[in-house]
Amino acid sequence: MLTGIDHLVIAVRSPEAAAAVLERDLGLAVTGGGRHEAMGTYNRLAFLGDTYLELIGVFDAGLVRSSRAFAVGNAALAFLETHGEGLATYALASDDVAGDVQALRAAGSPIAAPVAGERLRPDGEAVRWITAFPELGADRAPFLIEHEMAGAEWGPEARAARAAFRHPGGGRVRLPTLELPVADEGAAGALAREYGTVLGIAFSEGWRAVVGEQEVVLRAGGAPPIVTLHGEPGTEPLDTERFGIRWRRVAAM
């Protein structure tokens, strides 16, 4: 079952420089990350509860291109080469990727088979996951991910610490809504139908789809993607653009 927005994959030229921008301009602490040594990419992570922002960079473009099975790295490299920095793709969290894929395929979805992945943290610990990638024609098409719930990033203690973590600009910040730009209402309808066929996600009036406790919204007009962040009561409002993304931070009701 899909449980929410897992993470946003933001392609950047330098994850370290991008992390400094997130911390300085958005008040978000960037606390994790590592290298995909065999895949040619590296990242920094900013956790918002169990949702996170992945700032992904490329240290070896040839290695990325030779690793065709590493869809995230290829999406990030392609985005950097064609658009520059920005939201390359995003992941929807699943508590059973294999089961979700089986059910989707039985219903006629062309989603690919699950693939295992891992990266090494700076302390040497391996972080592991399973992903499944759909065949969607749209830019920034999402994929499914299931994390191995163990270790320093996904074990019970790590998740409890994340739930209580307070960012400098907003305290316990959460990501309730991701808004994706489409050309017009017709494009929104076509993409909504594609999401339904491939991922089993239904959009309601206003092109809004509820995934767990979060929403994905298709917005006609062609503006940049919008990421809404909820901070604790009293959080100072913020509306700015960084990495080709419009960031809105407001106090949660």
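Start at 1 with the first residue, then count along the sequence. Keep in mind that what you see is a predicted model, and the values were worked out from it rather than measured.
- Ring-centre distance between Phe143 and His7: below the 6.0 Å cut-off.
- Nearest heavy atoms, Pro176 versus Thr228: CD-O, 3.0 Å.
- For Thr235, the side-chain contact (heavy atoms from CB on, under 4.5 Å) test picks out Glu232, Arg249, Ala251, with sequence neighbours left out.
- Classified by interplanar angle (parallel below 30°, tilted 30° to 60°, perpendicular above 60°), the ring pair His83/Phe79 is tilted.
- We find the CZ-CZ distance between Arg119 and Arg121 to be 7.5 Å, quoted to the nearest 0.5 Å.
- Members clustered with Tyr42: Phe59, by chain and number, using a 4.5 Å side-chain heavy-atom cutoff among hydrophobic residues.
- Summarising the geometry, atom CZ belonging to Arg162 is positioned 10.0 Å from atom CG belonging to Leu48; distances are rounded to the nearest 0.5 Å.
- Rounding to the nearest 0.5 angstrom, the gap separating the CZ atom in Arg44 from the CG atom in Leu53 is 12.5 Å.
- Separating the CG atom in Leu92 from the OG1 atom in Thr131 is a distance of 12.5 Å, to the nearest 0.5 Å.
- Here Arg174 pairs with nothing under the salt bridge (charged side-chain N to carboxylate O under 4.0 Å, His left out) rule; sequence neighbours left out.
- Evaluation of the side-chain hydrogen bond (donor to acceptor under 3.5 Å, both in side chains) rule for Arg128 yields Glu118 as partners, not counting sequence neighbours.
- Closest of all the heavy-atom pairs between Ala158 and Gly151 is CB-O, 4.2 Å.
- When all heavy atoms are compared, the tightest approach of Thr89 to Ala75 is CG2-CB, 4.4 Å.
- Taking all atoms of both residues into account, the shortest heavy-atom contact from Thr3 to Ser94 is OG1-N, 4.3 Å.
- Within the model, atoms CG of Asn74 and CE of Met39 stand 10.0 Å from one another, a figure rounded to the nearest 0.5 Å.
- Remark: Glu125 pairs with no residue by the salt bridge (charged side-chain N to carboxylate O under 4.0 Å, His left out) rule, at least two apart or across chains.
- Results of the side chain to side chain contact (heavy atoms under 4.5 Å, CB included) test with Leu55 over Asn43, Leu22, Val9, Leu8 single out Leu22 as the only residue that passes.
- Atom CG of Leu238 sits about 10.5 Å away from atom CH2 of Trp247, to the nearest 0.5 Å.
- Listed by chain and residue number, Ala11, Ile56 satisfy the side-chain contact (heavy atoms from CB on, under 4.5 Å) test with Ala76 (two or more places apart in sequence, or in another chain).
- Applying the side-chain hydrogen bond (donor to acceptor under 3.5 Å, both in side chains) rule to Glu37 yields the partners Arg35; only residues at least two apart in sequence or on another chain are considered.
- Applying the salt bridge (Lys or Arg N to Asp or Glu O under 4.0 Å) test to residues at least two apart or on different chains, the pairs with a partner in residues 197-221 are Glu179-Arg219, Arg208-Glu215.
- Of all non-hydrogen atoms in Val12 and Ala18, the two that sit nearest each other are CG1-CB, 3.8 Å.
- Val30 is not connected to Val127 by any chain of hydrophobic side-chain contacts under 4.5 Å among Ile, Leu, Val, Met, Phe, Trp and Tyr, and they are in different clusters.
- One side chain, Asp6 or His147, offers a donor N or O that lies under 3.5 Å from an acceptor on the other.
- Under the salt bridge (charged side-chain N to carboxylate O under 4.0 Å, His left out) criterion, Glu236 pairs with no residue at all, not counting sequence neighbours.
- Under the side-chain contact (heavy atoms from CB on, under 4.5 Å) criterion, Glu81 pairs with Arg65, Leu77, not counting sequence neighbours.
- Here the closest non-hydrogen pair linking Thr41 and Gly73 is CG2-CA, 4.1 Å.
- Every residue was checked against the salt bridge (charged side-chain N to carboxylate O under 4.0 Å, His left out) condition with Asp96, not counting sequence neighbours, and none meets it.
- Phe47 has its ring centre no less than 6.0 Å from the ring centre of Phe165.
- When the side-chain contact (heavy atoms from CB on, under 4.5 Å) test is applied to Ala161, no partner is found at least two apart in sequence or on another chain.
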